[in-house]
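Single-structure report; data block below.
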Amino acid sequence: MSVATSYEFLDKVISATPDGEKIRKCLQCGTCGGICPYGFAMDFSPRALIAALRADDWHGVLESDTIWLCASCFACAHVCPTKIPLTRGLLATLKTEMLIGGSIPQELQTALGNSRRYGNALGESPKKRADWTRDFTIPVPTLANHKDPVDVLWFVGDYGSYHPRVQQVSRALAKLLYVLDVKFGILGAEECSDGDTQAFTGEWGLFELLARKNTKAMGRYQFKEIVTADPHAFNALKHEYPRLGFNRTVKHHTQYLLEHADRLAPLLQNRGPQRVTYHDPCYLGRANDNNIYDEPRRLLRAIPGLELVEMPHNREMSVCCGGGGGGMWLDGFVWEKAHVRTAEWRIKEAIGVGAQVLAVACPYEAPRFEDAVKATGNEGKLAVKDVAELLAEAAFG
Amino acid sequence: MNIVVLIKFVPDLVEDLEIDASTSLLDRSFLRLIPNELDEHALEEAILLKERLGGTVTAITVDFGDVDETLFTAVAKGTDRVVKITGEDFSQGVSNEKLAAIFQGVLADLPCDLILTGTQAVDDLDGFVGALLAERLGLPYVGYVTKIDVQDGKLVARKEYPGGLNADIEISGPAVLGIQAAEKPPRYVVTSKVMEAMKKASIDEQEAGEASVEAELPVQRMSLPETGARAEMIEGSAADVAAALLKLFRERGVLA
């Protein structure tokens with residue numbers, strides 16, 4: 001199960017990853033380590049890691065714990081001229097070996113333990129997963145209580161269900177689905193974490209456990225497509241669940257809302273903020289070439305009076321908020337090792353282009369960027385809002 | 001060193017606890033039970049000791065319900081043998097007195113050098129199981145232990161006292177120790193290892209023998225804490241708040 005030498009490890013990467021054999025063709029150009037937001041703090045950048053493996057320094061690789069700085073943001077894999085699957089192949093597989101060997105930062109252990117016990121990384125009661133829909137003016141039907149087929153199964157995700165800030169995004173999206181007269185339902189207590197981020201910490205066994213629970217729950221209901229506001233859930237449902245035999249259409253909420261733009265646009269009556277910039281989430285853009293760059297921008301431009309400005313790092317060159325690959329659960333570790341937060345760089349870029357609002361499209365981002373606004377002393381100067389929140393404000397005030 | 005770890009299951013405080021109006025006791029019908037946190041620390045300490053000194057670890061629990069996953073996880077962490085005590089429906093809870101008697105019955109056929117358990121459990125905070133079991137077995141007991149070592153062939157347990165005091169206590173084994181915290185937080189074991197344990201390991205099921213208990217402490221009534229409207233929010237400008245505070249301090253005799 002665990003590997004004993006560099007060569008065994010390389011064989012494991014190659015056999016477990018589509019296009020894995022490309023790792024043998026690494027040119028050692030170092031572009032990966034150059035673009036990695038934490039490359040400066042890693043003992044082994046992806047390039048250096050491949051070099052160490054070629055030199056059979058497996059012991060040296062396992063002695064370092066800086067692989068846990070990797071936020072699985074796909075920047076390295078995206079720029080690699082040989083297109084080596086660095087993020088999902090090399091780095092996530094090394095994390096698996098670290099997990100097997102027990103070299104796991106404590107805060108990550110807590111999140112993984114919570115995911116296994118409760119089905120959510122936050123350690124909340126699975127029974128309370130749909131509690132955010134209570135005392136809310138808009139009806140959000142739970143499929144277990146709603147026998148008729150629906151058009152949209154809305155996969156809410158851990159943070160949309162439990163995190164107080166991200167629940168606001170869920171409520172905004174619920175309003176939009178309701179006003180568009182969409183027949184939708186949620187899984188409620190039957191839903192559990194999509195498992196994508198757990199997988200990118202190397203915990204593929206846990207991913208499979210969570211994914212199987214979700215596919216079993218979704219298999220009980222009739223729906224046409226899945227919609228989610230979580231790029232990580234989107235990525236898992238689109239690229240990883242099919243390996244488990246679950247192959248259903250999934251759309252990110254920005255894709256789905258844009259499809260209904262003809263009915264949505266006339267509702268957007270309130271003028272929005274004047275200057276808005278948009279942060280591309282890694283898992284909507286670079287990851288697996290999901291390439292969802294235009295949909296959120298077109299939705300934002302539909303808001304009256306809104307001027308969309310771009311940050312220097314945009315689209316496939318976006319800088320990760322730091323939440324992926326387990327980063328969401330490693331804030332203490334990352335700070336200890338790197339003494340920087342990528343989310344703060346992002347806030348400085350947004351302020352630099354004169355934005356009043358940083359628009360986001362991933363549940364990790366509102367909490368992370370709002371913290372970074374405060375940490376950089378910019379409180380009151382920049383608001384962080386999900387695209388769904390900006391649309392809901394334009395439609396309902 | 002051959003170590004036995006005793007695990008009790010307790011209500012998971014992530015869920016809301018409710019009192020059953022008809023019995024005035026905890027409504028256990030929808031409770032989620034999880035291994036007592038300090039018992040998980042006891043297991044971790046046992047595995048750390050095994051890694052350091054060699055020997056075996058045996059984990060024992062009674063059949064509180066869904067206990068198999070916890071036992072297989074224990075195997076994945078390095079436990080050599082897992083025992084589930086069956087024969088009764090224990091999911092409604094077992095008194096500590098009875099639990100100690102049940103564990104005594106199983107331990108009769110299980111010679112060991114050390115018995116570890118959590119120093120207390122969140123369901124009652126009594127901390128009785130370890131002490132009662134030691135009394136039944138005629139063994140020494142030390143609770144609130146945060147470290148175990150062997151020095152010159154003797155067992156030394158570090159006991160934590162209030163006020164930041166520690167004592168290293170030398171014990172002639174075998175002994176029962178109540179663990180307050182393992183030397184490291186309980187480890188996370190990767191899911192694939194747990195799955196492998198489920199395939200390869202087996203749980204040794206043993207029927208609970210006659211557990212005679214001389215006296216028990218039955219709970220008569222449980223209630224949720226009553227909240228009183230005692231907090232008074234003082235609002236206004238800093239000067240207003242300061243004046244109101246001064247007035248209050250004088251009224252209550254804090255200031256002359």
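Just so it is clear: chains get the letters A, B, ... in the order the sequence lines come, proteins before strands, and each one is counted from 1.
For the pair B:P11/B:L17, a side-chain contact is recorded, criterion being any heavy-atom separation below 4.5 Å from C-beta on. Contact check for B:M195 versus A:E208: no side-chain heavy atoms found under the 4.5 Å cut-off. For the pair A:F200 and A:L91, the minimum side-chain heavy-atom distance is 4.5 Å or more.
Taking the six-membered ring wherever Trp is involved, the centroid distance between the rings of A:F74 and A:Y283 falls below 6.0 Å.
Of the atoms belonging to A:E124, it is backbone heavy atoms, and not side-chain ones, that fall under 4.5 Å from chain B. With a threshold of 4.5 angstrom between heavy atoms, B:D16 approaches chain A through its backbone and through its side chain. Only the side chain of B:T73 comes within less than 4.5 Å of a heavy atom of chain A; its backbone N, CA, C and O stay farther away. Looking at B:V194, the atoms closer than 4.5 Å to chain A (heavy atoms on both sides) all sit in the side chain, from C-beta outward.
Ring geometry, A:W132 versus A:F136: the interplanar angle falls from 30° to 60°, so the pair is classed tilted.
Of the possible polar contacts, none joining the A:D194 side chain to the A:A236 backbone as a donor-acceptor pair under 3.5 Å is found. Between the side chain of A:E8 and the backbone N or O of A:A4 there is at least one donor-acceptor pair closer than 3.5 Å.
The candidate with the highest count of non-hydrogen atom pairs below 4.5 Å against chain B, out of A:T96, A:L206, A:L99, is A:L206.
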Exercise for review: Would you check, one step at a time, whether the test ring pair (Phe, Tyr, Trp, His ring centres under 6.0 Å) holds for A:Y159 with A:Y364?
Suggested key: CA-CA 7 Å; A:Y159 285 79; A:Y364 291 170; 5.3 Å; yes
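Using a 4.5 Å cut-off between non-hydrogen atoms, the part of residues 35-66 of chain B that approaches chain A consists of B:P35, B:E40. Heavy-atom proximity under 4.5 angstrom to chain B picks out A:Q106, A:Q109, A:L112, A:G113 from residues 105-114 of chain A.
B:S29 meets the side-chain hydrogen bond (donor to acceptor under 3.5 Å, both in side chains) test with B:D27; sequence neighbours excluded. Checked against salt bridge (charged side-chain N to carboxylate O under 4.0 Å, His left out), B:E205 has the following partners two or more places apart in sequence or in another chain: B:K84.
A donor-acceptor contact closer than 3.5 angstrom is absent between the side chains of A:T142 and A:N145.
Enclosure of atom CD in B:E18 is not indicated, since only 12 or fewer non-hydrogen atoms of other residues, nucleotides or ligands lie within 6.0 angstrom.
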